[in-house]
**Q** 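Sharing a structure here in C-alpha cells format.
Each residue takes its place number in the sequence, starting with 1.
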Amino acid sequence: MLAEFIDPAILGFILIGVMLFSIFVGFPISFTLIFLGFIFGYLGFGKLVFYLMTLQFSMVMTEQTLAAVPLFVFMGIMMEQCGLMERLFSAFQLILAKVRGSLYYAVLFVSVIFAAATGIVGASVTILGIMAAKSMNRSGYDVRLAAGTITAGGTLGILIPPSIMLVVMGPIMEIPVTDLFAAAILPGVLLAVLYAGYTTVRCIINPKLGPVLPPELRATSMKHVWIEFFLGLVPPAALVFAALGSILFGFATPTEAAGCGAMGSLLLAIAYRKLTLKKLQDSLVKTLEISALIMVLVAASNFFGAVFSRLGTPMLLTDFLLSLEMNKYLILAIVMAVIFLLGWPLEWVPIVMIIVPIILPLIEALGFNLTWFAILVAVNLQTAWLSPPVALSAYFLKGVVPEWDLKDIYYGMMQFMVIQVIGLILIIMFPKIALWLPSVLYAS
C-alpha cells in the first residue's frame, strides 16, 4: 500500500485536490466521489475500503429522515402546478397598486410563501420571473433592482424551511432536522426584511425606480382582489403551516409531515382543478430526477467523507489551524470565505456533503454551536447563488426574461449579495437570531 511510503493524512490532501480538479473539469460528481474514494481508500488502508463503502451506503438507505426529500420535492412541484403563487402575486400587487415599489414587495412576499412551499431555488426564481417581469416592465421598474429582487427572493428557498438542504444537512452534521428548521426561520425572515428595506430606501431616494402601477393594471373591484388574495394565500399557507408546524411542535417527524404535505398539495391541485394526468406524470418524473440526483450524491459523498476521515486529514487540518493560535472568529471567517468561493462553481449538494464534514471537527474543536454553524453555511450558500461569475440564479431568470440583459441581472444580484453578506455578519454577531427559536421550542 502507498500508505507505507506516504502519510495517509497527506494522501487525503491529494484526494481533495484531485476531487476538486475532476469536478471543475466536468466529471459527474457522484461517480467521481465513488471512484476516488475507492482508489485512495485502497491506497490508504487496503481492502477495508470495500467494507467501509457497504457500511456507508447501508446507513444512507436506512436513514428515515432522508425519505422526506422526495416528498418535499413533490409537494413543491405540485404547489407550482396549482398556480397559487401567480394568483397570490396578482392580488398582492393590486392591493398595493398605489404604493411606490409595490411590485418589489409583492415579489418578496410571494417568495417567502413559495420558499416555504418548495426548497428548489431554480423553480422559485423561474416562477417569480414569469409572474413579475412582465408587470415590472409595463410599469417602468428599474431592471437591475427588479432582477436583484427576483433572484434574491428566489434564493430564500434554500434557507426557509422545509428546505431540502436542511433535511440533508441534519443527518450529515448529526443535528435534529427540527432544530435546523426552527433555527432557519428568523434568519430567513431577517433577509426578506433587509431586502424590503433596501428596495424601500432606493425608491424613496429615486421614485423612478419603482413607480406606482399604471391605471390599466389596477383593480376595478377591491372585493374581487381580497377574494383572490385569500384564495391564493390561505391554502398554501395552511399547507405549509400544517407541514412545518407539525414538525416544529413535535406532532410529526419530518418524513411524516412531508408525506402529509405531499398529499395536501395533491388535494389542492384537485380542488383548484389544475391536476391533469400529464401534470401528475411530469411532477412524478421531476420528483424522481431530483430525488435520485440528491440521494445518489448523499450515498457517494458519505462514502467519500468516510474515506477522507479514515485517512486522518480532517484531524491533521484541525490540529494545524488550532496550532496557529488565531482568534476562533478569524478561523470561522476563513471557513466562511472558503465556502463562499466554492459556492461559485459548485452547487450546495457537494459542499454540504463533502466540504462540511471535512471542517466539522475544526468547528467542534473551536466550541461553536453546530446548529448555528449550519445556518451560517446555509446563508453563505444562499449568498453564493447571487455571486457572479457563475450565479445560476441569473441564468434561470435570463431564461424566462430574455429581454433583460445579463449584465443588468448581474448588477442587480450583486446589490443583494452585499445585503446577504450583511445578514450573514448579523447572524455571526448575534447568534440568538438563529438559536432563540430552537431554545424556546425545545427548552428541555
**Q** Heavy atoms only: give me the nearest P171-V177 pair and the separation to one decimal.
**A** CD-CG2, 4.4 Å

**Q** Taking the six-membered ring for Trp and the full ring for Phe, Tyr or His, determine whether the centres of Y195 and Y104 are under 6.0 Å apart.
**A** no

**Q** Can you give each donor-acceptor pair under 3.5 Å made by side-chain atoms of residues 361-368, sequence neighbours left out, with the distance rounded to 0.1 Å?
**A**
none

**Q** Is the side chain of S135 donor-acceptor paired with the backbone N or O of A132 at a distance under 3.5 Å, no angle test?
**A** no

**Q** Test your reading of the model: is there a side-chain donor-acceptor pair from T199 to the backbone of A196, 3.5 Å cut-off?
**A** yes

**Q** Looking only at atom types and distance, does a side-chain atom of T151 sit under 3.5 Å from a main-chain N or O of G148, one as donor and one as acceptor?
**A** yes

**Q** Is a side-chain N or O of K432 found less than 3.5 angstrom from the main chain of W436, in a donor-acceptor match?
**A** no

**Q** When you compare the side chain of Q382 with that of L191, does any pair of heavy atoms fall below 4.5 Å?
**A** yes

**Q** Out of curiosity, I425 CD1 to Q420 CD, how far, rounded to the nearest 0.5 Å?
**A** 11.5 Å

**Q** Roughly how far apart are L180 CG and L166 CG, rounded to 0.5 Å?
**A** 5.5 Å

**Q** With sequence neighbours excluded, what pairs up with R144 under the salt bridge (charged side-chain N to carboxylate O under 4.0 Å, His left out) test?
**A** D408

**Q** Distance from I427 atom CD1 to I422 atom CD1, nearest 0.5 Å?
**A** 12.5 Å

